[in-house]
2 protein chains.
Amino acid sequence: MKTRARPPDSRTRILAAAASEFAARGFDGASVDRIARTARLNKAMIYYHFKSKAALYGEIVRGLIEAVLARARTIAASDATPREQIAAFVRAIVEEAEARPHFPPMWLREIAEGGRHLDRATFNLVRQVPETLNAIIERGCATGEFRRVHPLLLHFSIIGPLVLYFASQPVRSRIANEGLSPLMVMPRDQFLAHVEHATLATLTTGPHERGRRS
Amino acid sequence: MKTRARPPDSRTRILAAAASEFAARGFDGASVDRIARTARLNKAMIYYHFKSKAALYGEIVRGLIEAVLARARTIAASDATPREQIAAFVRAIVEEAEARPHFPPMWLREIAEGGRHLDRATFNLVRQVPETLNAIIERGCATGEFRRVHPLLLHFSIIGPLVLYFASQPVRSRIANEGLSPLMVMPRDQFLAHVEHATLATLTTGPHERGRRS
DNA sequence: GTCTATATCGGGATAGAC
DNA sequence: GTCTATCCCGATATAGAC
């Protein structure tokens with residue numbers, strides 16, 4: 001999209017290596033040396049392409065949020081029904097999480113960190129995700145198929161379980177493998193179906209719903 | 001409970017300071033110097049009480065999981081109905097998160113980290129939380145008031161949104177304060193009520209439920 | 001664009017006095 | 001139990017050759 005470049009050039013290799021390093025170790029835990037080694041490059045090469053470790057980190061996080069936001073916007077702009085749009089959003093998050101394995105851990109870490117490494121521009125992107133979600137909710141309320149639910153609530157109820165599920169996969173495998181506890185295994189499709197279903201249930205005014213209007 | 005000790009002694013001060021430092025910066029980002037300063041002690045004092053930074057960290061995480069597990073067990077052993085027990089569990093998580101502000105961030109970080117700093121004993125505790133939840137589900141299924149839901153699913157659907165909500169409070173305040181975006185504010189009670197409600201809805205076989213048995 | 005070598009500094013951990 | 005002083009390693013970042 002930017003210029004011509006075929007083989008994974010050094011810059012791309014650095015970004016990939018850094019993403020996995022940051023995801024696994026966090027910003028402070030990540031080592032520029034290790035990133036360089038993984039990228040099959042020298043450390044100096046990283047500072048040739050990026051101003052600093054923080055700048056490198058920021059670029060990755062920004063790309064991540066941009067990807068999610070782009071998906072959300074595309075969905076919101078589609079001509080699907082609100083119900084279908086919400087379901088599509090859930091699946092989009094799953095696809096992003098699977099396409100970019102560094103997504104769930106980095107997201108969790110960044111929240112825990114209080115967004116310490118994020119600049120205003122990135123903050124603006126973050127903000128826009130629940131806002132896009134809100135647009136879908138509004139439309140659903142207009143047609144009468146949705147209850148009015150706070151977008152933050154919806155957002156966290158979707159992304160919380162999903163991100164936790166993917167990010168915890170290593171821990172769960174470990175527990176399942178060494179000791180026993182079959183409860184720690186759970187097929188991806190089942191999880192996805194549940195979240196999709198539960199989310200839509202929350203948005204729908206069920207027949208026997210009591211007056212709760214959270 | 002252990003011995004007599006009235007004023008917050010040095011060991012306790014270290015644990016408190018370390019908890020907040022680890023929550024804010026993560027394991028690698030945390031500085032033993034800073035912990036010592038916050039605890040109004042010298043760094044050497046930390047190594048007098050704890051074997052290493054990792055040991056200190058481990059003790060805090062363990063205490064955290066123990067607290068949650070204890071709450072879950074007490075609830076599961078109570079004579080409340082399964083529905084009430086689940087609702088109580090949700091509220092217990094909220095109370096723990098508010099009583100120990102370091103809980104949500106550390107939990108998120110530990111998952112992202114893949115439990116790298118956790119020993120077998122702690123792993124065993126982690127495992128037991130969804131297992132306790134499962135016992136409640138089983139009982140609910142026996143009385144016919146619950147559908148059969150995977151405990152991991154239930155666990156993540158409860159703890160995911162809650163922990164995200166609390167841990168993201170700093171980021172959300174920042175976004176809400178400086179720029180605008182009223183969507184980022186959301187009262188605690190509303191959130192709690194929603195999660196409680198949504199969780200129970202998931203467990204209940206609604207009248208118009210389609211055959212999904214996630 | 002890619003490398004080697006090096007400056008510089010902070011942080012975990014310990015020694016040892018009191 | 002509490003302190004000061006110190007060791008030492010690893011990590012970010014840069015200089016400069018090719």
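Every heavy atom of this structure was used, including side-chain atoms; hydrogens, water molecules and symmetry mates were not. Predicted model only: the values in this text are computed from it and were never measured. Order of the sequence lines sets the chain letters (A, B, ...), proteins ahead of strands, with each chain counted from 1.
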Measure [atom1]/[X] against [atom2]/[N] and give the value in whole Å, please.
X     : N      : atom1 : atom2 : result
B:Y48 : D:dT2  : OH    : C1'   : 9 Å
A:H49 : D:dA13 : NE2   : C1'   : 16 Å
B:I46 : D:dT4  : CD1   : P     : 14 Å
A:L56 : D:dT12 : CG    : C1'   : 13 Å
A:L41 : C:dG1  : CG    : P     : 12 Å
B:M45 : D:dT4  : CE    : P     : 13 Å

Is a salt bridge present between B:E21 and B:K53, judged by a nitrogen-to-oxygen distance below 4.0 Å?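 Judged by the 4.0 Å cut-off on N to carboxylate O distance, B:E21 and B:K53 do not form a salt bridge.
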Answer yes when B:E95 and B:R71 have at least one side-chain N-carboxylate O distance shorter than 4.0 Å, and no when they do not.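 A salt bridge is present here (some side-chain N lies under 4.0 Å from a carboxylate O).
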Do A:V129 and A:H155 have side chains that get closer than 4.5 Å, going by heavy atoms?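 Contact flag for A:V129/A:H155 side chains = yes.
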Parallel under 30°, tilted from 30 to 60°, perpendicular over 60°: which one fits the rings of A:W107 and A:F103?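 Taking A:F103 first and then A:W107, their aromatic rings stand perpendicular (interplane angle over 60°).
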When you check every protein heavy atom under 4.0 Å of nucleotides 4-18 of chain C, what one-letter string (B, S, -) results, 5' to 3'? B-------BBBB---
Taking B:M184's backbone N and O only, do any of them form a donor-acceptor pair with B:R172's side chain (distance below 3.5 Å, no angle check)?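 Confirmed, B:R172 side chain pairs with B:M184 backbone.
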Strictly distance-based, threshold 3.5 Å: is any side-chain N or O of A:H117 a donor or acceptor partner for the main-chain N or O of A:V61?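 Pair absent, no side-chain N/O of A:H117 close to backbone of A:V61.
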